Amino acid sequence: MTNKYFSNDPQRAGKVNDLFAIVAPRYDFINDLQSFGLHRLWKAQLIRTAAVKPGDEALDVCCGTGDITLRLAAAGARATGLDFSRPMLDVAEKRAAILPKLIRPLHFIQGDALHLPFESARFDIVTVSYGLRNLADFDAGLGELIRVLRPGGRLLILDFGKPAWAPWRWIYFQYLRWACPVFGRLFCGDADTHGYILESLKAYPAQNGVDQALEAYGFQQRRIFNLVGGMMSLNSGCKPPA
Ligand SMILES: C[S@@+](CC[C@H](N)C(=O)[O-])C[C@H]1O[C@@H](n2cnc3c(N)ncnc32)[C@H](O)[C@@H]1O
């Protein structure tokens, strides 16, 4: 079965952009539905692990509708959210506009995660939540996240995971295979928008592969949080000194 939004080649970026243009107006609603609201707890865990200090410069790559960017700002960071999807950013900006001034400064910019428009070593914290899996080139994407992080800065990567225990993984993959496309069909008129999750996850190195990649970059204090038995994964670590 092929999914029209997934391919393992440079055309993928255009397909993913098409996908999020369709999903944007319902993205937050479907997220709550398909995770039973739990994505809020996983994102809160990311923010706790980021240990934001007031005034930290934080970049949230593939920010989508801004969940993590807004939380970073609320925790005291000077937060920037970056995404290539205008419809997703429109939702993020509307959400930010109705929040109290207390959590500013934050802003959103349109850009490509594979070519971040920032100088090297600019940020104290870099996050990517449900984004790295979507990039056409995992290695190039991770390299960009690390390039813009200052030595000693914290990198946080949250995404769907691959549970180590085979029966649990099987049950979870059945949910992604059969239930998620129903959300796509019901709320976006297209089963493939959410059938994409499983296809992209199969091609993604997930928690162990991300950890190995961070080890190869010499990351320190690396941690893997296996959430819900590894269904979701949070990787964290500190960039080594220059
Ligand atoms: C599943 S959403 C995640 C949104 C948000 N971070 C969250 O956790 O809810 C993935 C986002 O990645 C963005 N994205 C995918 N590839 C990208 C790229 N090459 N550059 C910038 N954004 C990208 C999509 O537009 C989409 O908004």
Side-chain angles (χ1 to χ4, degrees), residues 5-35 37-47 50 58-73 79-96 106 108-118 125-145 148 155-161 176 180 183-184 188 192-201 203-204 227 232-235:
Y5 299 109
F6 180 78
S7 62
N8 240 338
D9 55 32
Q11 276 72 54
R12 182 158 173 204
K15 296 177 188 179
V16 169
N17 212 332
D18 290 346
L19 187 167
F20 285 101
I22 296 168
V23 167
R26 303 278 168 86
Y27 177 81
D28 293 318
F29 169 72
I30 300 174
N31 250 359
D32 275 333
L33 212 59
Q34 72 178 3
S35 73
L38 291 172
H39 74 104
R40 293 164 186 262
L41 299 182
W42 305 326
K43 288 170 177 169
Q45 168 91 56
L46 182 156
I47 297 296
L59 174 67
D60 179 29
V61 178
C62 299
C63 67
T65 58
D67 261 2
I68 297 289
T69 325
L70 296 171
R71 285 168 186 263
L72 286 167
T80 301
L82 175 139
D83 201 285
F84 70 8
S85 168
R86 192 66 253 167
M88 292 291 274
L89 288 172
D90 287 344
V91 177
E93 279 163 0
K94 275 191 203 130
R95 293 176 74 194
L106 92 167
F108 293 101
I109 64 168
Q110 191 168 16
D112 184 356
L114 295 178
H115 304 280
L116 292 174
F118 306 107
I125 297 173
V126 174
T127 63
V128 58
S129 162
Y130 301 98
L132 193 51
R133 174 179 43 85
N134 294 309
L135 302 184
D137 186 334
F138 171 84
D139 293 322
L142 186 63
E144 273 296 85
L145 300 176
V148 300
L155 177 63
L156 294 303
I157 300 172
L158 174 66
D159 218 311
F160 290 91
L176 295 179
C180 287
F183 295 122
C188 305
D192 272 7
T193 55
H194 287 71
Y196 167 85
I197 294 172
L198 180 58
E199 292 312 309
S200 56
L201 178 56
Y204 180 62
L227 308 167
M232 298 294 147
S233 65
L234 173 62
N235 291 80

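Just follow the structure's listing: the first ligand is 1, and inside any ligand the first atom is 1. These figures come from a predicted structure and were not determined experimentally.
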Should H194 and V23 be marked as a side chain to side chain contact (heavy atoms under 4.5 Å, CB included) after you check the CA-CA gap, both sets of side-chain angles, and the distance that decides it? CA-CA 9 Å; H194 287 71; V23 167; 4.0 Å; yes

Ligand 1 contacted by G111 (non-hydrogen, < 4.0 Å): yes

In ligand 1, the atoms that come under 4.0 Å of a heavy atom of V16 are 15 (C)

On the 0 to 90° scale, with breaks at 30° and 60°, tag the F6-Y196 ring pair as parallel, tilted or perpendicular. tilted

If you look at every heavy atom in L116 and L145, which pair is closest and at what distance? CD1-N, 4.2 Å

Test side chain to side chain donor-acceptor pair (under 3.5 Å) on S129 and K43; report intermediate values, then the result. CA-CA 8 Å; S129 162; K43 288 170 177 169; 4.8 Å; no

Looking only at distances, can you tell me whether any N or O atom of C62, backbone or side chain, sits closer than 3.5 Å to an N or O atom of ligand 1? yes

Among non-hydrogen protein atoms, atom 5 (C) of ligand 1 lies closest to C63 O, 3.4 Å

Nearest non-hydrogen protein atom, atom 8 (O) of ligand 1: S129 OG, 2.6 Å

Is there a polar contact between ligand 1 and R133, counting only N or O atoms under 3.5 Å apart? no

Is the shortest side-chain N to carboxylate O distance from D32 to R40 below 4.0 Å? yes

Strictly distance-based, threshold 3.5 Å: is any side-chain N or O of R86 a donor or acceptor partner for the main-chain N or O of Q110? no

R26 atom CZ: more than 12 heavy-atom contacts under 6.0 Å: no

Can you confirm whether D67 sits close enough to Y130 that some side-chain heavy atom of one is under 4.5 Å from a side-chain heavy atom of the other? no

For K43 and ligand 1, does the shortest N/O to N/O distance drop below 3.5 Å? yes

Suppose I only count heavy atoms of L135 and a 4.0 Å limit; which atoms of ligand 1 are within that range? 16 (N), 17 (C), 18 (C), 19 (N)

Specify the protein heavy atom at minimum distance from atom 13 (C) of ligand 1: its residue, its atom name, and the distance to 0.1 Å. D83 OD2, 3.3 Å

In ligand 1, which numbered atoms sit nearer than 4.0 Å to a non-hydrogen atom of G64? 4 (C), 27 (O)

Give the residue, atom name and distance (to 0.1 Å) of the protein heavy atom nearest atom 10 (C) of ligand 1. Y130 O, 3.3 Å

Is it the case that the side chains of D9 and S7 hold a donor-acceptor pair, with the cut-off being a distance below 3.5 Å and no angle test? yes

What I want to know is whether D60 and ligand 1 share at least one N or O pair that is separated by under 3.5 angstrom. no

May I ask you to list the atoms of ligand 1 that are less than 4.0 angstrom from any heavy atom of D112? 18 (C), 19 (N), 20 (N)

Before signing off on this row, confirm whether F84 and ligand 1 have an N or O atom pair separated by under 3.5 Å. yes

Could you go through the side chain to side chain contact (heavy atoms under 4.5 Å, CB included) check for Y27 and V91 one step at a time? CA-CA 9 Å; Y27 177 81; V91 177; over 6 Å; no

Is any side-chain heavy atom of I47 less than 4.5 Å from a side-chain heavy atom of L72? yes

Measuring from the heavy atoms of I68, does anything fall under 4.0 Å of ligand 1? no

Heteroatom distance test (Y27, ligand 1): nitrogen or oxygen, under 3.5 angstrom: yes

N/O to N/O below 3.5 Å, does that happen between A113 and ligand 1? yes

